[in-house]
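Scroll down for the structure; my scribbles are underneath it.
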Amino acid sequence: MGYEAALAQYEKFAFDDGRWTRNVYKRGSGPAVIVIHEMPGLHPLVIRFADRVAAAGMTVYCPHLFGEPGRPANHPLGALTMLGGICIRREFNVWAADKSSPIVEWLKALSRKAHAECGGKGVGAVGMCFTGGFALAMMTEPSVVAPVLSQPSLPLGISKPQRAAGIGASPAEVSCARKRFNEEGLSMIGLRFYGDPFVPDARFDTYRREFGDKFEAIEIDPKDAVPGGLKHPHSVLTINLAEDGPTKEAERRVLAFFRERTGAG
C-alpha cells in the first residue's frame, strides 16, 4: 500500500465538480469538516489532525490536491512538490494579493456535497500554509460556516508590501464573508507563530481591519513549538504541534469551534 497506508481508516472516492477531479479521503460521522492539507501534501501529521476531527464527532473530508498521499513531510521529494505547486499548477494563484485560487470553486462544490451527506448546521473548513486562506474564500458558499486559516501563506513574495498585507481573496469574497459574519453570527479563526516569515504581521492586520472582532487571532510564541519542518516554526496544527502548551490549546480551540458551528456539540 505504500505511503497511502497512513490513510487505511479512510474511505477514498473521486470527486468531480465538472472541471477538476480530485481524490478525497473521508472518515467519521456527524457534521462535515474539510481539512485542506498544507505543503508538501497530505502527510501523516495532517492525517493526525484529521483523525482528531473525526474523534471529536465530525465527518472529516481530506481532499488530495498535490504531493503523494501519506508521504512524510520530510521526504526529499517534498521540495519538488512545493516547486511544482508554485510554478506549474493552474489551480493556484500564488502571487495575487486580491484574488483567490481557482481550486476554491472545487472545494466549495465539495462542501455542498459534504453538507448534503452529513447534515448539521453547516461545514467547517481549515486551510493550512499554501492553502491557509482558502477557507475565507470558501465563505461565498452558504454551507461553509466555520472557516479556520492556519498559517495562511499566500500570496508569496512578501518583500512587496501589497503582498505582505494580501489575503488571497477578492474584494467580493471579503465583502460576502463580512456580510455573513454580521448577519449569521459567524466568525473565523486565524493561527500563526509570531515572526513566521511566510505569515507577516501585515496579513493579520488586514484580517483585523476587514473583520474586526469576527476575526479570532491565535498567535503563538515560536518557543512553544515542536522543532521541525521549516527553520522558523510554521505548521501550528501539524508539524510544530506540541502535545501540551499553547499549540495544544490552539488545536482544542479549533476543534471546539468546529463542533459549535457545525452543530456537532
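A side-chain donor-acceptor contact under 3.5 Å links Ser100 and Glu173. Between the side chains of Glu91 and Ser101, no donor-acceptor pair is found at a separation under 3.5 Å. Under the 3.5 Å distance criterion, with hydrogens and angles disregarded, a donor-acceptor pair is assigned to the side chains of Lys108 and Thr140.
Shown here for Phe92 and Pro102, the closest heavy-atom pair between the two residues is N-CD, 4.1 Å. Considering all non-hydrogen atoms of both residues, Arg261 and Val145 come closest at O-CG2, 3.6 Å. Residues Ala242 and Asp224 approach most closely at CB-O, 4.1 Å, considering heavy atoms. Nearest approach of Cys118 to Ala32, heavy atoms of both residues: CB-N, 3.9 Å. Shortest non-hydrogen contact noted between Ala73 and Pro40 is O-CG, 3.6 Å. Annotation for Ala54 and Val60: closest pair CB-CG1, 4.1 Å, computed over non-hydrogen atoms.
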List the steps, then state whether side-chain contact (heavy atoms from CB on, under 4.5 Å) holds for Arg52 with Glu251.
CA-CA 9 Å; Arg52 291 172 179 178; Glu251 180 191 67; 2.9 Å; yes
Under the side-chain contact (heavy atoms from CB on, under 4.5 Å) criterion, do Ile167 and Leu136 qualify, and how do the steps go?
CA-CA 9 Å; Ile167 57 175; Leu136 170 59; 3.9 Å; yes
Go through Val24 and His64 one step at a time and tell me if the side-chain contact (heavy atoms from CB on, under 4.5 Å) criterion holds.
CA-CA 6 Å; Val24 181; His64 170 225; over 6 Å; no
Carefully, step by step, assess Phe130 and Phe198 under the rule side-chain contact (heavy atoms from CB on, under 4.5 Å).
CA-CA 10 Å; Phe130 199 72; Phe198 290 100; over 6 Å; no
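Counting heavy atoms from C-beta on, the side chains of Val33 and Met58 come closer than 4.5 Å. The side-chain heavy atoms of Leu7 and Leu42, taken from C-beta on, include a pair separated by under 4.5 Å. In this structure the side chain of Pro200 never reaches within 4.5 angstrom of the side chain of Arg163, judged on heavy atoms. Taking 4.5 Å as the limit, every side-chain heavy atom of His37 sits out of range of all side-chain heavy atoms of Val126. Lys214 is listed as a side-chain neighbour of Asn182, based on a closest heavy-atom distance under 4.5 Å. A heavy-atom distance below 4.5 Å is not found between the side chains of Glu38 and Thr131. In this structure, Val254 and Phe49 have side chains that are in contact, with non-hydrogen atoms separated by less than 4.5 Å. Side chains of Tyr10 and Tyr61 form no contact here, defined as non-hydrogen atoms less than 4.5 Å apart.
Atom CD in Gln151 sits 12.0 Å away from atom CZ in Arg192 (nearest 0.5 Å). For the atom pair His43 NE2 and Ser235 OG, the distance stands at 6.0 Å (nearest 0.5 Å). Once rounded to the nearest 0.5 Å, the distance linking OG of Ser111 with CE of Met138 reads 3.0 Å. Atoms CG and CG, from Leu65 and Asn23 in turn, are 10.5 Å apart once rounded to the nearest 0.5 Å. With rounding to the nearest 0.5 Å, the separation of CG in Leu237 from CD1 in Ile218 is 8.5 Å. From Asp16, atom CG reaches atom CG of Leu110 across 12.0 Å, with rounding to the nearest 0.5 Å.
Using a cut-off of 4.0 Å between Lys/Arg side-chain N and Asp/Glu carboxylate O, Arg48 and Asp51 are scored as not salt-bridged. By the 4.0 Å N-to-carboxylate-O rule, Glu4 lies too far from Arg71 to be salt-bridged with it. By the 4.0 Å N-to-carboxylate-O rule, Lys113 lies close enough to Glu117 to be salt-bridged with it.
A donor-acceptor pair is defined here as one N or O able to donate and one able to accept, closer than 3.5 Å; such a pair exists between the side chain of His232 and the backbone of Tyr194. In this structure, the side chain of Thr262 engages the main chain of Phe258 through a donor-acceptor pair within 3.5 Å. Between the side chain of Trp106 and the backbone N or O of Phe15 there is at least one donor-acceptor pair closer than 3.5 Å. Of the possible polar contacts, none joining the Thr247 side chain to the Glu243 backbone as a donor-acceptor pair under 3.5 Å is found. Put simply, the side chain of Arg180 gets close to the backbone of Glu141: a donor and an acceptor are under 3.5 Å apart. Of the possible polar contacts, none joining the Arg112 side chain to the Ser143 backbone as a donor-acceptor pair under 3.5 Å is found. A donor-acceptor contact shorter than 3.5 Å is absent between the side chain of His234 and the backbone of Cys129.
No continuous path of hydrophobic side-chain contacts links Ile36 to Leu241 [ILVMFWY only; heavy atoms under 4.5 Å]. Val226 and Met128 fall into different hydrophobic clusters, where Ile, Leu, Val, Met, Phe, Trp and Tyr side chains are chained together by heavy-atom contacts under 4.5 Å. Residues Leu45 and Tyr25 fall into different hydrophobic clusters, defined by Ile, Leu, Val, Met, Phe, Trp and Tyr side chains chained together at heavy-atom separations under 4.5 Å. Linking ILVMFWY residues whenever their side-chain heavy atoms come closer than 4.5 Å, directly or via other members, leaves Met39 and Ile239 in distinct clusters.
Judged by the 6.0 Å distance and 45° axis criteria, Lys223 is not positioned over the aromatic ring of Phe193.
Applying the side-chain contact (heavy atoms from CB on, under 4.5 Å) test to Ala116 and every residue at least two apart in sequence or in another chain returns nothing.
Using cut-offs of 30° and 60° for the angle between ring planes, the Tyr207 and Phe215 rings count as tilted.
The residue from Arg178, Arg203, Lys179 that alone fulfils the salt bridge (charged side-chain N to carboxylate O under 4.0 Å, His left out) condition with Glu210 is Arg178.
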